[in-house]
Structures are given as structure tokens and as C-alpha cells.
Amino acid sequence: MGHVPVLLEEVLEALQPQDGETYVDGTFGGGGYALRVLAAADCQLYGIDRDLDAITRAEALAEQRPRLTPLLGRFGDLDDLLATAGVTVVHGVMLDIGVSSFQIDEGDRGFSFMRDGPLDMRMGQTGPSAADVVNHMSAGDLMTIFRQLGEERQAKRIANAIVARRKSEPFKTTLDLAQCIEDAVGGRRGKKTHPATLTFQAIRMYVNDELGELARGLAAAERVLAPGGRLVVVTFHSLEDRLVKQFLRERSGATGGGSRYMPEVAKGPEPSFELKRRKATEPSEAEIKDNPRARSSRLRVAVRTDAPAWTQTVETGKSVLPLKQLEAAL
Ligand SMILES: C[S@@+](CC[C@H](N)C(=O)[O-])C[C@H]1O[C@@H](n2cnc3c(N)ncnc32)[C@H](O)[C@@H]1O
């Protein structure tokens with residue numbers, strides 16, 4: 001089965017596609033958002049994805065749709081990717097963070113603890129895999145990843161179990177790792193979710209540097225959006241939503257102002273975004289019923305002002321071992 005786009009109508013409503021404008025979909029996936037945007041206005045759309053399978057799908061769709069240009073790469077580099085295509089300014093950026101159903105459903109990609117496959121979990125086809133993470137990182141580094149990116153309360157127990165088990169045999173498959181985690185935490189104990197859920201999420205987020213990508217992608221969007229351009233971000237996870245919320249609060253000046261005791265608190269640069277709504281948009285009950293995967297999705301929207309992009313980098317607030325360091329140690 002393909003990927004069912006979430007909050008699709010709300011995304012369209014936020015982007016407001018217009019004839020003659022140029023948009024970027026930083027997470028092309030199955031093209032659910034992109035195709036609707038292309039149908040809604042006589043616009044140009046650049047579809048970025050780091051997954052070659054998604055770009056192969058995009059290229060097939062582009063054969064019949066000359067206004068669609070697929071670009072293989074990471075949305076953290078979206079301004080550089082657009083520059084290679086000769087584009088420096090756009091009127092809208094969409095990001096739909098996370099994995100697609102295509103990726104989860106394909107056992108060979110190693111994302112799911114429900115399907116056996118090689119322990120991979122990379123969306124792009126480069127860099128350390130999930131197997132590299134669990135077979136090479138120290139128990140302390142693993143624990144930090146499980147705690148910070150998975151908010152897993154049994155992080156220490158799981159990390160120690162992984163390190164003990166790999167001494168006799170390295171991990172190769174998803175089910176092998178899932179079983180080790182289940183054994184470590186004492187089975188399911190009546191819980192609805194699988195005991196490996198948060199650990200798998202943490203490893204996936206680490207292997208793909210998902211929070212780092214989001215931080216870089218938001219800053220890159222800020223640099224390429226024209227005044228009046230729309231930034232539309234859908235997340236599935238509270239860590240990601242928090243990052244988007246903080247970025248937009250800061251860049252829209254909602255956090256500045258100091259207090260009456262400290263009236264001279266340094267004001268940031270001119271706001272580069274205007275918030276359309278302070279609160280995130282959530283899916284309707286009807287959407288959740290049709291597509292339970294939509295349950296945790298959150299949409300945030302902001303409009304670019306004419307102030308220059310800020311030069312401050314966007315921080316993820318997490319302190320896991322840098323992926324480059326793991327790569328160098330392998
Ligand atoms: C949730 S799906 C997007 C689905 C899409 N909105 C649709 O309607 O079909 C996320 C997609 O983003 C891609 N992706 C995730 N992180 C990325 C990144 N940093 N750079 C580029 N693509 C990324 C994944 O490979 C996946 O195909």
C-alpha cells in the first residue's frame with residue numbers, strides 16, 4: 001500500500017498555491033502533497049527526498065508533469081540543492097517530517113520491528129546503519145540516544161542488554177534486536193505498544209540525524225523564502241514539534257521583550273516570520289479514524305517577513321554522539 005498523506009487539506013489551505021509561484025516539498029515521499037499542489041495552481045514544484053526510491057517515483061511522475069522537478073538530497077541543504085537547479089527564491093516550503101509508509105512497509109529497509117529485515121533504517125543510502133549503532137557504540141552512548149531521542153525510561157537496561165548480547169553475536173536483523181529489547185524489559189506486560197517502539201524510534205532518529213536535519217531545514221527555508229512565502233511543517237513527534245515551535249516563536253519575536261525588571265534585555269534581530277496561529281493544528285477525529293498514523297501529527301505554519309534571515313544557528317538541544325564521530329570510528 002502507498003503512503004496516505006496526513007493533514008493534506010490543512011497543508012493546502014496553509015500553502016495557498018498560486019499561479020506563477022515556486023514551491024519546495026522537502027519530503028516528497030509518495031508525492032501526496034506535491035501532486036495536490038501542482039493540481040491546485042499553475043506553479044513550479046521542486047520535490048526533494050533523500051531516499052532514492054522516492055526520487056525514482058518522483059521522476060516517473062515528472063515524465064507527465066513538466067512543472068515537477070525531483071531533487072535527490074537532504075532538506076537540510078535545500079537552499080544549496082535549489083541553487084544547483086538555478087533557484088534562489090521560493091514562495092512556499094513544505095516539510096512532512098519522518099518516514100513514509102513505503103519505507104516502513106518495506107522489510108528490507110529495516111525500519112520496523114514488526115517485519116524481519118537487515119538492521120538498516122537509513123532513509124538515504126549512506127552513512128552508518130542501525131546495525132553499526134547497536135554493534136559499535138558504547139553502552140553510555142546508546143543509553144543517551146535511547147533516553148534523549150526515544151524518551152525511553154528503560155534506556156540503561158536496554159543499552160546494557162544490547163552490549164552484553166553483541167559480545168556473543170553481533171546484531172544483524174530487526175527482529176533479533178526487537179527480541180533482545182523485549183527480553184531486557186521483561187516482555188510486553190499488557191502494554192499496547194511493543195517494548196522496542198521507543199528504542200527503534202531513537203535509533204532511526206539518530207541514524208538519519210532527524211533533529212539536526214530539521215534544525216538545518218528550518219534555517220534553510222528561512223533563507224530561501226520570499227517575503228510573504230509560507231513555511232508549512234508537519235511533525236509526528238513531540239521532540240520535533242517542540243523544535244519547530246521554538247524556532248517559530250524565536251524568529252517571530254514571540255520570545256523577546258525581556259521583563260519589567262530587565263527592560264534592556266537584548267532584542268533579537270527583526271522577526272523573520274509572522275505566526276498565523278500560535279497553536280499547532282491537529283488532525284480531525286475523522287482523519288484519525290481513517291488513518292490512525294495521523295494521530296500524533298501537528299501542523300505549524302508561518303509567513304516569511306521581509307526582514308533578513310537570522311544568522312543564529314538553530315539548536316536541537318540534544319547532546320548525542322555526533323554521527324560523523326561514529327562514522328569515523330567504524
Ligand atoms: C512522511 S514522508 C512524506 C510524505 C509526503 N508528504 C506524501 O504526501 O507522500 C517523509 C519523506 O521525507 C523523506 N525525508 C525524511 N527526512 C529527510 C531529509 N532530511 N531530507 C530529505 N528527505 C527526507 C523520507 O525519505 C520520506 O520519503
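Along the sequence shown, residues carry numbers from 1. Start at 1 and go down the list; that is how both ligands and their atoms are numbered. Predicted, not measured: the structure shown is a model, and the values here were computed from it.
Near ligand 1, heavy-atom contacts under 4.0 Å come from His3, Pro5, Gly26, Thr27, Phe28, Gly29, Gly30, Gly31, Gly32, Tyr33, Asp49, Arg50, Asp51, Gly73, Arg74, Phe75, Asp96, Gly98, Val99, Ser100, Gln103, Met123, Glu213.
Using a 3.5 Å distance cut-off with no hydrogens or angles, the side chains of Asn291 and Glu287 do not pair a donor with an acceptor. Between Tyr46 and Gln44, the side chains place no donor N or O within less than 3.5 Å of an acceptor N or O (distance only, hydrogens not considered).
Side chain of Arg157 to main chain of Ala161: no donor-acceptor pair is present (N/O by atom type, distance under 3.5 Å, no hydrogens or angles).
Cation-pi geometry between Arg57 and Phe28 is not satisfied (NZ or CZ under 6.0 Å from the ring centre, within 45° of the ring normal).
The aromatic rings of Phe102 and His3 lie parallel to each other, with less than 30° between the two planes, well short of the 60° mark.
Contact check for Tyr33 versus Thr27: no side-chain heavy atoms found under the 4.5 Å cut-off.
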